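Please read all numbers here as calculations on a predicted model, not as lab measurements.
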Amino acid sequence: MKMADNDQGRDTTTAPESTGSPGLLDRFFEITSRGSSIKQEIRGGIVAFVAMAYIVVLNPLILGGSQDVAGGSLDFAQLTAVTGLIAGVITILFGVVAKLPFALAAGLGMNSFLAVSVVQEVTWAEAMGLVVINGVIIVVLGATGIRTAIFNAVPHALKVAITVGIGLFIAFIGFVNSGFVTRTPEGPPVQLGQNGSIASLPTAVFLFALILIGILVARKVPGGILIGMVVATIVAMVIQAFAKLGTVGDPVNPDPVGWNLSAPEIPSQILALPDFSLIGAFDLVGSFERIGVLAATMLVFTLVFTNFFDAMGTMTGLARSAGLQTSDGMFPRIRGAFVVEGLGAVAGGGASASSNTVFVDAAAGIAEGARTGLAACITGGLFLVSMFFAPLIGVIPMEAGAAALVVVGAMMVTQIREIDMSDFRTSLPVFLTMVTMPLTYSIANGIGVGFISWALIHAMSKRGRDVHWLLWVVSAGFVLYFVRGPISAMLGG
């Protein structure tokens, strides 16, 4: 069977009137035909980077904070270098090949899974070897068209629901990262601020940034998101100069009313030479020898499922947000996008930076007007520059970026108007998809719950013929994914 593809997808945007023959850059990235401009793409690329810049600091904190089964650990400075390097190279490659305004970086779900779970069983080098294997599988699935075929099998309503769910998810991420929503020691799972009150200055900075960005966007001020984040960062630096707050996650002296990730202070050092010693520090077969073929295969299965569907869902949401999705739910150069995203996993594992995948935070750049791969190239270039300015990047408080995420989430949720909720066979799977993503902090979980419920409800209500056979196959895979814990326990026993 020939797998479907849509590398020549139709644009849904309306191009402005041409004032002359477009230049080489314009023609290559299809800037004018997508209703954009070079200035707009540059601005969108900068905004996407600012919204994602925290990963240059956060990824090393996550990966460098855990010892592996042999007591080994990864160096923070080296992690900072490879985080910026891989994100920059893969994002530029994505912009050139896929010509879409998406940006890639080390996936938070994947790096957390590696740090918390995988390295309790294998070494860091072996764990990164598993990431490389996962990436190779993703590339093969993308290059052969299998990934595109699965994408085609997803009903339109679920594709829209994925977009809306991602909007809710990134808004929830913004609320949590800003301290506006926190865990409770007992009682409800979450609460407002500290004990039901806004009790910290960083959260107040988030609220200030949220309102400012909201006003600027509502008034259609060009660069509103970027302006709001920059102003919020300046305000945060002024507050920090007087309040001298710490950080919530400080391992020595945590400050419960402090900044989430790093204090917005003028750094003592602005430039730092990158150290690339971690490139090539992976072991492809060591994990299979250490924990056995079945257990290692189960880990690879988990990585592939998480990588595959997180990225597919994120691309769906971003393409729709950018107005690049066609009537059949596809978007331009989809196969190339899937292949490059898989290469991000290979490169990330090969450099010990963890799997690099499409970042939902790139929606901030799209909201600022990014429509083409030029924006991705700008974002990627800034990631490469960040390798030398890592201390300066750390000045941007996560609270400023969190406000942008909430605003963008609100924009994405408006897509729900495209779903006909009158048929409960549709409305229940759609609802489950949307709410599962933020409540479980996983795009893949939301997709899986949506797929399974869609297939079962349609089959049991005599509409099974409307369910594509590939959706049944993927749903069965998700069942295994959701019970992977007991399966792994049995294999280990």
Side-chain angles (χ1 to χ4, degrees), residues 49-65 76 79-80 83 105-109 111-112 115-116 169-185 189-213 225 228-267 359-361 364 386 390-409 438 441:
F49 171 75
V50 173
M52 296 172 59
Y54 66 87
I55 195 63
V56 178
V57 178
L58 185 56
N59 191 50
L61 287 175
I62 293 174
L63 296 180
F76 182 88
L79 283 170
T80 300
T83 298
L108 288 175
N111 59 15
S112 298
V116 174
F169 179 42
I170 65 175
F172 189 54
I173 290 174
F175 286 138
V176 171
N177 288 351
S178 66
F180 186 77
V181 170
T182 60
R183 295 183 179 91
T184 59
V190 294
Q191 64 180 344
L192 174 69
Q194 300 291 331
N195 299 318
S197 301
I198 303 301
S200 73
L201 289 172
T203 303
V205 169
F206 158 76
L207 293 173
F208 166 76
L210 177 61
I211 294 171
L212 176 60
I213 294 173
I225 295 177
M229 293 175 70
V230 171
V231 172
T233 298
I234 295 172
V235 170
M237 293 176 69
V238 173
I239 289 175
Q240 179 62 15
F242 290 96
K244 302 296 183 184
L245 300 173
T247 58
V248 175
D250 190 321
V252 180
N253 295 305
D255 185 351
V257 294
W259 305 95
N260 186 304
L261 182 60
S262 59
E265 300 173 319
I266 298 177
F359 247 58
V360 70
D361 306 60
S386 75
L392 189 60
I393 298 299
V395 172
I396 304 170
M398 185 173 281
E399 288 76 6
L405 294 183
V406 174
V407 170
V408 172
Y441 238 63

Met229 and Ala404 have their tightest heavy-atom pair at SD-CB, 3.8 Å

Closest heavy-atom pair, Val205 versus Ala236, reported as atoms and distance to 0.1 Å, is CG1-CB, 4.2 Å

Listed once per pair and sorted, the side chain to side chain donor-acceptor pair (under 3.5 Å) pairs that draw on residues 235-246, sequence neighbours left out | Gln240-Trp259, Gln240-Glu265

Got a sec, which residues hit side chain to side chain donor-acceptor pair (under 3.5 Å) with Asn59, two or more places apart in sequence or on another chain?
-> Thr83, Asn111

Mind checking what makes side chain to side chain contact (heavy atoms under 4.5 Å, CB included) contact with Ala243, not counting sequence neighbours?
-> Leu201, Ile239, Leu245

Provide the closest heavy-atom pair for Phe49 versus Ser386 in the form atom of the first, atom of the second, distance.
-> CZ-CB, 4.0 Å

Which atoms form the tightest heavy-atom contact between Phe359 and Ala106, and what is the distance?
-> CE1-O, 3.1 Å

How far does OG1 of Thr80 sit from CG of Leu63, to the nearest 0.5 angstrom?
-> 10.5 Å

Among pairs that include at least one residue of residues 196-212, which meet side chain to side chain donor-acceptor pair (under 3.5 Å), considering only residues two or more places apart or in two chains?
-> Ser200-Thr203

Considering only heavy atoms from C-beta outward, does the side chain of Val406 approach that of Phe180 to under 4.5 Å?
-> no

Once you round to the nearest 0.5 Å, how far does OG1 of Thr182 lie from CZ of Phe175?
-> 13.0 Å

Any idea which heavy atoms bring Leu210 and Ala403 closest together, and the distance?
-> N-CB, 3.5 Å

Ala402 to Gly174 - nearest heavy-atom pair and separation = CB-O, 3.3 Å

For Arg183, does its backbone N or O pair with a side-chain atom of Gln191 as donor and acceptor, under 3.5 Å?
-> yes

Does a side chain donor of either Glu399 or Ser178 reach within less than 3.5 Å of an acceptor in the other side chain?
-> no

Measure the spacing between CE of Met398 and CG of Asn177 and express it to the nearest 0.5 Å.
-> 4.5 Å

Please list, chain by chain and in numerical order, all residues satisfying side chain to side chain donor-acceptor pair (under 3.5 Å) with Gln194, sequence neighbours excluded.
-> none

Atom CD1 of Ile198: over 12 foreign heavy atoms under 6.0 Å | yes

Tell me, please, which residues at least two apart from Leu212 pass side chain to side chain contact (heavy atoms under 4.5 Å, CB included).
-> Phe208, Leu216, Val231

